[in-house]
Visitor: 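Below is the structure I would like to discuss, written out as C-alpha cells.
From a predicted model like this one, the values you see are computed outputs, not experimental measurements.
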Amino acid sequence: MVSSGIGEQTYCPKNVMEGREESATHMDAVSEMDGIIFHTLDKLFAKTGVSPSEIDIIVSSVSLFSPAPSLTARVINRYKMREDIKAFNLSGMGCSASVVAVDLVKQLFKTYKNSLAIVVSTESMGPNWYSGKDKSMMLSNILFRTGGCSMLLTNNRALKHKALLELTCSVRTHIGSNDEAYSSCIQVEDDLGHKGFRLTRDLPKAGAKALTMNLRVLLPKVLPLSELLRYKISYYRNKIMKRPTSKAAGPGLDLRSGIDHFCVHPGGRAIIDEVGKSLALNDYDLEPARMALYRFGNTSSGGLWYVLGYMEAKKRLKKGDKILMISLGAGFKCNNCVWKVMKDLEDTNVWQDCIDQYPPKTIDNPFSEKFDWINDESMNFARIEDFLPRIQLLA
C-alpha cells in the first residue's frame with residue numbers, strides 16, 4: 001500500500017466499506033453495476049442528445065460478473081431500447097476489455113452502416129475482494145477500485161462534425177498460448193478456498209513481450225515513412241558494425257513523430273514505470289496515467305478513459321493530435337489503438353471537482369508515514385503479527 005501510487009480518494013464497493021467483503025451477495029454485485037452503468041449512461045444520453053431508442057449496438061465489458069439476464073439486457077430493459085438492437089457481453093477479458101469492445105464495434109460497423117453503438121466498460125469489485133492471506137493475491141485489493149465509463153461510437157459520416165475522436169488504428173495481441181504468460185495474472189482459490197487474483201513474477205515479462213509484439217504491428221501503421229526508413233538504416237548500420245542495440249519495445253524509433261499523447265493503462269505504478277521505460281516516455285507523458293491511478297486507482301477496463309479524461313481536463317488535446325492508447329490484461333494480452341482528436345477538447349468531465357489540484361506536489365501515500373517501518377530491514381527480527389494491534393489502532 002505504501003508504494004502503490006494510490007491516494008486516499010479512490011472508491012471501494014459498498015459491501016467492502018461496510019465490512020462485508022467476505023459475504024458479498026448477488027444483489028451487492030447487481031447494485032454496484034447498476035450504480036456505475038446507469039449513472040454513466042444517463043450522463044451520456046443527456047450530453048449527446050441521443051435517445052436510447054436510436055442505439056443499434058451495445059457492448060458491455062465486465063470481466064468478473066456475468067449474470068442472467070445479462071448486463072446489456074438490464075440496460076435494454078431500463079432504457080426500453082429497440083427489439084432489433086445487437087447486444088454483446090464481454091467477460092473474462094481483464095483490464096484491456098475496453099479496447100477489445102471498441103475493436104468489436106469497429107468490426108461490426110463494417111456490416112452495419114450509419115449505426116450508433118454504446119460501449120460500457122467497468123468491473124465488478126465487490127464480490128471479488130480477496131479475504132485471504134496469500135501475498136501474491138493481496139495485491140489486487142491494493143490496486144483495484146470501483147469506476148467505469150460509457151462511450152458512444154458511430155460510423156455515420158453525417159455526425160462527423162459532432163465527433164470528439166476518430167479511431168484510426170487498432171491492434172490486438174494475445175500470447176495466451178504461452179503457459180507462463182497465461183498464468184501470470186489468473187483468478188484462483190488459495191489453500192483455504194478464498195477466491196482472488198494471483199499476480200506472479202512473470203507478469204512484467206509477459207507484459208513486455210505482448211507490448212513489443214503489438215507495437216511491431218501497430219507502429220508501422222501510424223509513424224511516418226521517413227521515421228521508419230531512418231530506423232531501418234540505423235538498425236542495419238548497427239548490425240553491420242556490431243553495435244549493441246536496445247531491447248526496449250520499438251528501439252530507436254521516435255514515437256513522437258506520429259504520436260502526440262500516450263494513454264497508458266493505470267494498472268499500477270510498476271506497470272506505468274515499465275511502459276514508460278520501454279517507450280522512453282518522460283514524466284509529462286506518464287503524468288495522466290499516474291494521476292488517474294492516484295485519484296481513482298486501477299478501475300480495470302474503465303481505467304484508460306480516466307487517463308484520457310485527465311488529458312482533456314488539462315486542455316492538452318488539440319485538433320489533429322494523435323493518442324496512443326495502451327492496454328494490458330489477463331490472458332495475457334495487449335490491445336492498443338490510436339485516436340485522432342477531431343476538435344480542441346476542454347471538458348473537465350469526471351475530474352471537474354479536483355483537476356486544479358493535480359498534479360499534487362507529491363503522490364506519496366500517507367500510509368508511508370505510519371507504516372514505513374514494515375519495510376525497514378532492521379525490523380526483520382520481528383513478526384508482523386506482533387504489531388497487529390498497532391496497525392489496527394493507527395488505521
Side-chain angles (χ1 to χ4, degrees), residues 1 4-17 21 24 28-44 47 59-65 71 74-75 90-91 93-102 118-130 139-152 197 263-269 271-272 288-314 325-330 347-355 357-358 363 365:
M1 175 64 78
S4 66
I6 293 180
E8 291 190 299
Q9 293 183 304
T10 59
Y11 306 119
C12 280
K14 183 178 180 180
N15 66 291
V16 175
M17 297 298 290
E21 60 267 25
D28 284 328
V30 171
S31 176
E32 181 185 7
M33 291 297 94
D34 286 354
I36 298 172
I37 294 175
F38 294 156
H39 176 70
T40 57
L41 284 175
D42 285 347
K43 293 180 70 175
L44 180 67
K47 184 176 181 179
V59 182
S60 71
S61 58
V62 180
S63 291
L64 303 178
F65 185 52
L71 292 173
R74 292 184 68 80
V75 173
L90 302 181
S91 62
M93 302 301 287
C95 297
S96 63
S98 190
V99 177
V100 175
V102 169
I118 281 180
V119 169
V120 180
S121 296
T122 183
E123 190 54 272
S124 175
M125 300 298 180
N128 297 285
W129 200 262
Y130 178 61
L139 187 58
S140 61
N141 289 357
I142 295 174
L143 293 176
F144 287 98
R145 294 293 183 266
T146 298
C149 180
S150 293
M151 297 139 278
L152 178 67
F197 260 89
C263 187
V264 180
H265 169 58
R269 193 173 74 172
I271 291 178
I272 296 171
R290 286 171 174 161
M291 295 304 103
L293 177 66
Y294 184 78
R295 173 62 181 84
F296 296 100
N298 180 353
T299 54
S300 190
S301 64
L304 286 169
W305 305 101
Y306 288 94
V307 180
L308 185 69
Y310 182 87
M311 296 178 186
E312 182 179 5
K314 282 293 185 180
M325 193 171 272
I326 301 172
S327 68
L328 301 164
D347 187 0
T348 52
N349 52 76
V350 72
W351 291 88
Q352 61 182 346
D353 64 335
C354 62
I355 191 61
Q357 304 167 26
Y358 283 80
I363 58 173
N365 193 295

Visitor: Determine whether a donor-acceptor pair (N or O, by modelled atom type, separation under 3.5 Å) exists between the side chain of S301 and the backbone of T122.
Guide: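 Pair found, side chain donor or acceptor close to backbone of T122.
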Visitor: How close do M151 and L44 get, heavy atom to heavy atom, and via which atoms?
Guide: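 Result for this residue pair: C-CD2, 4.0 Å.
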Visitor: Indicate the atoms forming the closest heavy-atom contact of N141 with R145, along with that distance.
Guide: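 Shortest heavy-atom contact: O-NH1, 2.6 Å.
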Visitor: Start with the C-alpha distance between T10 and R295, add both sets of side-chain angles, then the distance that settles side-chain contact (heavy atoms from CB on, under 4.5 Å), and finish with yes or no.
Guide: CA-CA 6 Å; T10 59; R295 173 62 181 84; 5.7 Å; no
Visitor: With sequence neighbours excluded, tell me which residues meet side-chain contact (heavy atoms from CB on, under 4.5 Å) with E21.
Guide: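 Only V16, W129, S131 meet the side-chain contact (heavy atoms from CB on, under 4.5 Å) criterion with E21.
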Visitor: Just by distance, do the side chain of E123 and the backbone of G302 share a donor-acceptor pair under 3.5 Å?
Guide: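 Side chain of E123 to backbone of G302, a donor-acceptor pair under 3.5 Å: no, none is there.
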Visitor: What's the shortest heavy-atom distance between V350 and D353, and which atoms?
Guide: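 Of all heavy-atom pairs spanning V350 and D353, the closest is O-OD1, 3.9 Å.
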Visitor: If I compare all heavy atoms of M33 with all of V62, which pair ends up nearest, and what's the gap?
Guide: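 Heavy atoms only, the tightest pair is SD-CG1, 3.9 Å.
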Visitor: Shortest non-hydrogen contact from M125 to E32?
Guide: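 Scanning both residues completely, I find the closest heavy atoms to be N-OE2, 3.1 Å.
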Visitor: What's the separation between atom NZ in K43 and atom CG in N349, rounded to the nearest 0.5 Å?
Guide: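 The NZ atom of K43 sits 8.0 Å away from the CG atom of N349.
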Visitor: If I take atom CZ from residue F197 and atom CG from residue N128, how far apart are they, to the nearest 0.5 angstrom?
Guide: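 Rounded to the nearest 0.5 Å, the CZ-CG separation comes out at 7.5 Å.
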Visitor: Using modelled atom types and a 3.5 Å cut-off, is there a donor and acceptor pairing between side-chain atoms of N298 and backbone atoms of F144?
Guide: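 No.
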Visitor: Has Y306 got a side-chain atom pairing as donor or acceptor with G148's backbone, closer than 3.5 angstrom?
Guide: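 Yes.
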Visitor: Side-chain contact, heavy-atom cut-off 4.5 Å: I355 with K314?
Guide: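 Yes, side chains in contact.
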Visitor: Have S98 and S61 got a donor and an acceptor in their side chains that come within less than 3.5 Å?
Guide: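 S98 vs S61: no donor-acceptor pair found between side chains.
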Visitor: Before you tell me yes or no, could you show the steps for V30 and F65 under side-chain contact (heavy atoms from CB on, under 4.5 Å), namely the whole-Å CA-CA distance, both residues' side-chain angles and the distance that decides it to 0.1 Å?
Guide: CA-CA 9 Å; V30 171; F65 185 52; 3.8 Å; yes
Visitor: Should S96 and L328 be marked as a side-chain contact (heavy atoms from CB on, under 4.5 Å) after you check the CA-CA gap, both sets of side-chain angles, and the distance that decides it?
Guide: CA-CA 5 Å; S96 63; L328 301 164; 5.9 Å; no
Visitor: Parallel, tilted or perpendicular: which one describes the rings of W351 and F296, with boundaries at 30° and 60°?
Guide: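 It falls in the perpendicular class, over 60°.
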